[in-house]
Amino acid sequence: MHGRLAVVGCHFQLVQNLCRSDGNKRIAATVFLYFLEKNGLLYKDGQKIVSDSALVATTIMTAESKPDEKEIMVSLVMSFLV
């Protein structure tokens, strides 16, 4: 559970705070998927846990959220990883 929380927190921070002028969401989504796979969290019973559309939606929602909404966004993304 802590590994998942760290990955989700990292995703939020990358989307919100990456200092690139373009590509923050793409970089954050790629890193998110990479860490999920490296930690054995991307697939369950051969099926990808997070669909592509869910990843896009949560990444955009995270980008549009306010920094003080981090807890809500992290909880939302965590619900996909259960």
Side-chain angles (χ1 to χ4, degrees):
M1 182 67 139
H2 291 349
R4 291 179 186 165
L5 186 58
V7 169
V8 173
C10 178
H11 179 253
F12 181 88
Q13 292 299 327
L14 284 171
V15 170
Q16 288 280 318
N17 300 318
L18 199 61
C19 61
R20 309 255 327 143
S21 61
D22 186 32
N24 290 359
K25 293 183 289 291
R26 289 187 299 269
I27 292 168
T30 301
V31 170
F32 182 60
L33 291 174
Y34 174 81
F35 277 109
L36 286 176
E37 185 189 8
K38 286 297 182 184
N39 290 288
L41 302 170
L42 184 56
Y43 294 94
K44 183 175 183 179
D45 301 326
Q47 297 286 333
K48 196 163 38 165
I49 292 175
V50 180
S51 70
D52 294 341
S53 57
L55 177 63
V56 169
T58 55
T59 300
I60 291 171
M61 285 176 23
T62 300
E64 296 298 321
S65 68
K66 297 179 179 89
D68 62 341
E69 297 172 331
K70 178 182 178 182
E71 193 171 310
I72 295 167
M73 295 308 301
V74 168
S75 294
L76 174 70
V77 177
M78 287 294 291
S79 70
F80 291 114
L81 301 179
V82 176

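Values reported hereafter were calculated over all heavy atoms of this structure, with side chains retained and with hydrogens, waters and symmetry mates removed.
Looking at heavy atoms from C-beta onward, Tyr43 lies out of side-chain contact with Ile49 at the 4.5 angstrom threshold. Side-chain contact between Ile60 and Val56: present, with at least one pair of heavy atoms (C-beta onward) separated by less than 4.5 Å.
If you take OG1 on Thr59 and CE on Met73, they are separated by 9.0 Å, rounding to the nearest 0.5 Å. Once rounded to the nearest 0.5 Å, the distance linking CD1 of Ile72 with NZ of Lys66 reads 10.0 Å. Atom CG of Leu42 and atom CZ of Phe32 lie 9.0 Å apart (nearest 0.5 Å).
Partners of Leu41 according to the side-chain contact (heavy atoms from CB on, under 4.5 Å) rule, which considers only residues two or more places apart in sequence or in another chain, are Arg4, Leu36, Asn39.
No donor-acceptor distance shorter than 3.5 angstrom exists from the side chain of Glu37 to the backbone of Tyr34, with no hydrogens or angles considered.
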